[in-house]
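Single-structure report; data block below.
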Amino acid sequence: MNFDFSDDQKQLRDQARKFLAEKCSPKAVRVVLDGKAPYDKELWKGLAGMGFLGVAIPEEFGGAGAGHLELCVIAEEMGRANAPVPFSSTVYLAAEALLIAGSDAQKKKWLPAIASGEAIGTLALFEGKGNPSPKTIKLTATNGVLNGVKKPVADGAIADFAVVAARTGSSGRESDVSLFLVDLKAGGVEVKSLTNLDPTRGQAEITFKDCKAEPLGAAGEGWSILTQVLDRAAVLCAFEQVGGSDRALEMGRDYALDRIAFGRQIGSFQAVKHMLADMYVSATLARSNSYYGAWALSTNAAELPEAAAAARISATQAFQHCAKNNIQVHGGMGFTWEFDCHMYYRRANAMALGLGSLSYWEDRLIDRMRKKNAA
Amino acid sequence: MNFDDTPQEAEFRATARAWISANAPKKYEEELRKSSLGRTALKNADILKVAKAWQKKKADAGWACLHWPREYGGRGSSPIERVIWSQEEGPFGQLSRMFIIGHGMCGPTMMAFAREEHKRSYLPPLASGEKVWCQLFSEPAGGSDVAGLRTRAEKEGDDWVINGQKIWTSGAHYSDYGILLTRTDPTVPKHKGLTMFFLDMKSSGVEVRPIKQASGASDFNEVYFTNVRIPDHQRLGEVGDGWNVSLTTLMNERSAIGAAVSTGFPELFEYCSSLMLDDGPAIEDRAVRSKLANWAVKASGLKYTSMRAISALSKGERPGPENSIGKLVAGSMIQDVATYALDLQSASGVISGEDAELAGRFQAMLLRAPGTRVEGGTDEIMRNIIAERVLGLPGDIRVDKDVPFNKIPTKGRG
């Protein structure tokens, strides 16, 4: 067996780490954090140039035609660098939705534009509070015309197109939901930026007013497609969270080695050592669960829903745990704007919500485990 | 990424599976499968006898202590073959529990430090289970601080004379031999005055007394030594080098016990899948599901962490430090799982034993659980190990490090 990434994939990870260390320093992240730019355009272009945006997009649609394992290792590095670009919404959500359900023409139109960095995409799913559920979809689609409000939409203010979940029936079943593809630059939408926990990744409210849209996938199949997209995104986000966890742990460890108090390195106090050891435990559990998710994603295994939920829960917990205790290890300095700790704390807590809260994923995990046990 | 065996691994697995299927004591399979922490006895048979018979059968066919060299009773197998064997042995592996200390700790220590003629005469019967070994390190004054031990060994002619007391010795009451860490020089700092021996547990002056544990059961013992004589040729390593010798043993303890420890999660999931609460099945209750999901990802996290280590073995690499988290996570998890299983039973959860839900499976687990967080390295020692060896943080400040042992205070208050 080889429950690990291949040497080529590890090399790709090293390449991504090196590239991001150079092009995505904390200083560069701060330009977006401080509101001086909506995202890092130079970095986005650079990522396209490296082939990272289209790594899992087939060559016929302008991508590198590698695969999801390659995307996982890049995702980990994006999380480690806290990259202020619309990577997750464009690559994990919009591109995956197109790959799963797009027509040939839709794929030809948008996937090459994603790979080249020309188009930013997103998924417009949420309508205020509530976990992903067909019941929460109120936005209507009538004869290909959308009316309703989506919020929050990740990277909605900078996106060129969106995959939109809309209500097309009233039977009370999942088949009431269909997906649509909307060119956000073609009119019929009002976009408002929202302040949010993590300014390095924007959130928006999008109002659709008699907005023309084309169907993505068959009518009534929307919820089933969405579920698959969310499972894939859960694994990919988990790798970002794993990367973020590792970085937060490293920052805490390094500070514990450098900082002297009471005449000794604070890392020599067991209260601090044990806190860091527990962070390592969380990060390790998350990494291992995420590897299983990567295996399921890359082989399109029947276990993907269970593996994705486990990776999602584990990685969410790990990143939140590591990010908050990294601040604790830093003490007062960790609570300043000047230190980078809060960037990871913000990212960790925003990511914990982006695909629906833990309770949604806990439910999914237990459902899948029950079905497996019953079988 | 894949979970497939290489052709050689697949061949080994098929051979192992066929042999186990033809030879394992099948009539105990169901009972062994249902055993869990705190409950491993067999109803109608002496588990020690069944275990010894299975071990001997394995040894005769070359399936005992797979990773040991053939001349010492093993099979000369690779680490990955050892893992495949244990996957295939499944519930029958429970029968190896009484040999874990001997095979996992005493054997490797003997292999590293005993004279060749001793290795050839003592190791094969240890591998075959005909002789059982125990490890005599911990003392009332030295648990986590093993190097604080006080049992004395004094040289008299060609013999050493032992006086003192050990505690928490697993299986001393059925052991034939033991490895023993002693103090040979109390005038030097504690780590420098230790020496290791092996001895016959039937030697005159050895007295074994079972400890009644907090759980009510007795898996461990106190062992008293009164003028016990050990010949010098049974010394392991140099005089004064016992600490280094013991590190070999303890490194093996942590990997051996870490691999065997369970989380209680499969038992809890199975229980919740059939349990009815007042307002419906437990598994459909929001709070229950949330708890289960949180433990599920810890259990799967441990499973896939160990898969990563196995994968490294399969490629002929050394596993990384990830495996050090196993015992730490599983130890407190099984305690929490058992506590929650009883909470689901409400007031009736206090009833233990045969009259209890599932014949007291979770009650037994709860009462045994505190031991898992202490034995083989406390949670705190495990965190220190992760912090120091994995994260590279400074070691604890040790105020007794350079003090002669006999000048170290022995009482906290007056």
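Convention: sequence-line order gives letters A, B, ...; per-chain numbering from 1. None of these values were measured; they are calculated from a predicted model.
For A:L358, no part sits under 4.5 Å from any heavy atom of chain B, backbone or side chain. Only the side chain of B:S314 comes within contact range of chain A, with heavy atoms under 4.5 Å apart. In this structure, the portion of A:Q317 lying under 4.5 Å from any heavy atom of chain B is its side chain and not its backbone. Neither the backbone nor the side chain of A:S6 has a heavy atom closer than 4.5 Å to any heavy atom of chain B. The parts of A:L276 that come within reach of chain B are both its backbone and its side chain, each placing non-hydrogen atoms under 4.5 angstrom from that chain. Looking at A:M275, neither its backbone nor its side chain comes within 4.5 Å of chain B, counting heavy atoms on both sides.
A 6.0 Å sphere centred on CD of A:Q270 holds more than 12 heavy atoms belonging to other residues, nucleotides or ligands. Heavy atoms from other residues, nucleotides or ligands lying under 6.0 Å from NZ of B:K315 number more than 12. The 12-atom threshold is not exceeded at CD of A:Q11, counting heavy atoms of other residues, nucleotides or ligands nearer than 6.0 Å. Remark: A:R264 CZ is packed, more than 12 non-hydrogen atoms of other residues, nucleotides or ligands lying under 6.0 Å away. Within a 6.0 Å sphere centred on OH of A:Y345, heavy atoms belonging to other residues, nucleotides or ligands number 12 at most.
Looking at A:N289 and B:S300, their side chains do bring a donor and an acceptor atom within 3.5 Å of each other. Side-chain polar atoms of A:R287 and B:T305 form no donor-acceptor pair below 3.5 angstrom. In this model, a donor atom of one side chain and an acceptor atom of the other lie less than 3.5 Å apart for B:N384 and A:H274. One side chain, A:S288 or B:R308, offers a donor N or O that lies under 3.5 Å from an acceptor on the other. Neither side chain, A:N373 nor B:E270, offers a donor N or O lying under 3.5 Å from an acceptor on the other.
Of all the listed residues (B:R289, B:K303, B:E380), the one sharing the greatest number of non-hydrogen pairs under 4.5 Å with chain A is B:R289. Of the residues considered (A:D278, A:T299, A:L257, A:I313), A:D278 shows the highest number of contacts with chain B, using heavy-atom pairs under 4.5 Å. Ranked by heavy-atom pairs under 4.5 Å with chain A, the first of B:L292, B:N294, B:D5 is B:N294. Each of B:I80, B:I283, B:V329 has some count of heavy-atom pairs under 4.5 Å with chain A, and the biggest count is that of B:I283.
Taking CD of B:E9 as the reference point, atom CE of A:M1 lies at 8.5 Å (rounded to 0.5 Å). Interatomic distance, OG of A:S268 versus CD1 of B:I397, reported as 4.5 Å (0.5 Å rounding). Within the model, atoms CG of A:N2 and CG of B:D4 stand 10.0 Å from one another, a figure rounded to the nearest 0.5 Å.
For A:Y291 and B:Y304, the ring centers sit 6.0 Å or farther from each other.
Counting heavy atoms from C-beta outward, A:L285 and B:V297 have side chains that stay 4.5 Å or more apart. Counting heavy atoms from C-beta on, the side chains of B:N2 and A:F3 never come closer than 4.5 Å. Counting only heavy atoms from C-beta outward, the side chains of A:L249 and B:L391 approach each other to under 4.5 Å.
Formation of a donor-acceptor pair under 3.5 Å by the A:K273 side chain with backbone atoms of B:P394 is found in this model.
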